[in-house]
2 protein chains.
Amino acid sequence: MKQSIICPQFEKAISLLSQRWTALIINQILSGPHRFCTLQSSIGISGKVLSERLKDLEQKGIIKREVIPETPVIIEYSLTEKGYSLEPVLKEIENWSQSWVEIGSEET
Amino acid sequence: MKQSIICPQFEKAISLLSQRWTALIINQILSGPHRFCTLQSSIGISGKVLSERLKDLEQKGIIKREVIPETPVIIEYSLTEKGYSLEPVLKEIENWSQSWVEIGSEET
DNA sequence: AAAGTAAGTTACATAAAGTAAGTAATGGGA
DNA sequence: TCCCATTACTTACTTTATGTAACTTACTTT
């Protein structure tokens with residue numbers, strides 16, 4: 001059924017970025033390492049899905065999870081080289097959104 | 001609950017591209033106008049979801065639907081200027097996928 | 001000691017996608 | 001002409017993904 005006439009790498013990339021929240025999470029971490037709770041509140045995702053996505057992204061080598069044994073233990077998520085390399089993609093999306101997406105109304 | 005600290009246009013763009021199949025559909029039509037059935041078989045999407053997406057993308061001004069009254073009527077979907085302007089985004093994803101996505105195994 | 005925060009997990013509810021069969025319009029062949 | 005095929009969808013039903021909210025564990029502050 002799934003006959004990919006399309007390039008498999010491209011399809012994989014698309015399926016990664018098409019997962020809800022994934023691009024937003026990466027975009028957020030692009031601005032520096034983040035903790036679970038700050039990601040949660042800054043992008044408005046539920047803890048359940050955030051933890052699923054973080055595990056998935058870690059396993060795909062896009063982010064890394066670091067346990068920092070400070071006073072109360074801090075868990076920091078940051079991008080790997082592979083993760084940072086998605087910056088141009090996110091930037092292009094941002095460019096496009098500035099030129100073509102209307103502000104204000106809900107529908108376009 | 002959804003407090004967007006993030007730029008609303010960017011969020012809209014992301015939510016568009018994060019919808020399953022949307023990027024793949026746009027990518028396919030980038031190579032020229034397509035009919036319903038060719039889209040369906042080339043990207044392996046169900047008719048139900050394809051018709052939902054096409055309506056949605058048309059309504060968002062990204063694609064246009066044309067009825068061509070040839071011998072048997074042909075319905076052609078093509079990109080609008082707004083749709084074409086997503087090409088750099090798709091190209092960046094393709095570049096990234098070539099550099100960072102492994103071929104072969106299912107997991108990375 | 002009680003309450004709070006961080007980082008999750010679990011159980012249950014709803015929404016989105018997949019599957020498969022059905023429909024309407026046209027066209028071709030026996 | 002009747003029957004089957006194709007295109008472009010729609011409808012009904014199932015499965016998967018998300019959302020919501022409460023709960024846990026470890027540690028800290030009051």
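The sequence lines fix the lettering, A, B, ..., with proteins before strands; numbering per chain opens at 1. Everything numeric in this text was worked out from a predicted model, so none of it was measured. Quick note: numbers below take in every heavy atom, side chains included, and nothing from hydrogens, waters or symmetry partners.
The listed nucleotides are D/dG19, D/dT7, C/dG8; the one nearest the side chain of A/Ser46 is D/dG19. Nearest nucleotide to the A/Tyr77 side chain, out of D/dA8, C/dG8, C/dG18: C/dG8. The side chain of B/Ser51 sits closest to D/dT10 out of C/dA7, C/dG18, D/dT10. Of the candidates C/dG18, D/dA8, C/dG8, C/dG8 carries the atom nearest the A/Arg65 side chain, counting heavy atoms from C-beta on. Taking every side-chain heavy atom of A/Lys55 into account, C/dT9 is the closest of C/dG18, D/dG19, C/dT9. The nucleotide whose nearest atom lies closest to any side-chain atom of A/Arg53 is, among D/dC9, D/dT18, D/dT10, D/dT18.
Under the 4.5 Å side-chain heavy-atom criterion for Ile, Leu, Val, Met, Phe, Trp and Tyr, B/Leu57 and B/Tyr84 are members of the same hydrophobic cluster. Criterion: ILVMFWY side-chain heavy atoms under 4.5 Å apart, direct or through other members. Under it, A/Tyr77 and A/Ile68 are not part of a common hydrophobic cluster.
Applying the 4.0 Å criterion to OP1 and OP2 of D/dT16, one finds that B/Arg20 has every side-chain N and O outside that range. Under 4.0 angstrom from either OP1 or OP2 of C/dG18 there lies at least one side-chain N or O belonging to B/Trp21. The side chain of B/Arg35 places no N or O atom within less than 4.0 Å of a non-bridging phosphate oxygen (OP1 or OP2) of D/dT7.
In terms of modelled atom types and a separation under 3.5 Å, the side chain of B/Arg53 and the main chain of B/Gln19 share no donor-acceptor contact. Side-chain N or O atoms of A/Ser31 include none that pairs as donor or acceptor with a backbone N or O of A/Asn27 at under 3.5 Å. Using a distance-only test at 3.5 Å, with no hydrogens or angles considered, a donor-acceptor pair links the side chain of A/Lys64 to the main chain of A/Leu79. A donor-acceptor contact shorter than 3.5 Å links the side chain of A/Thr80 to the backbone of A/Ile62. Between the side chain of A/Gln40 and the backbone N or O of A/Gly47 there is at least one donor-acceptor pair closer than 3.5 Å. Under the 3.5 Å distance criterion, the side-chain polar atoms of A/Thr38 are left unmatched by any main-chain donor or acceptor of A/His34.
Per the geometry, CG belonging to B/Leu39 stands 11 Å off P belonging to D/dC9, to the nearest Å. Whole-Å rounding puts the B/Ile45 CD1 to C/dA20 P distance at 16 Å. The CD-P distance, from A/Glu52 to C/dT9, rounds to 9 Å in whole Å. Between the CD1 atom of A/Ile25 and the P atom of D/dT18 there is a distance of 11 Å, rounded to whole Å. Distance B/Ile74 CD1 to D/dT7 C1': 10 Å, rounded to the nearest Å. In this structure, the CD atom of B/Gln19 is 14 Å from the C1' atom of D/dA17, given to the nearest Å. Atom CG in B/Leu54 sits about 14 Å away from atom C1' in D/dT10, given to the nearest Å. Computed from coordinates, the B/Ile63 CD1 to D/dA8 C1' distance equals 14 Å when rounded to whole Å.
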Each base of DNA chain D marked ( ) or [ ] if paired in-strand (Watson-Crick or G-U under 3.5 Å), | if paired to another strand and . if unpaired gives ||||||||||||||||||||||||||||||
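One can find a donor-acceptor pair under 3.5 Å joining the base of C/dG18 and the side-chain atoms of B/Lys48.
Comparing A/Gly47 and A/Val73, the nucleotide of DNA chain D nearest to each residue sits closer to the 5' end for A/Gly47.
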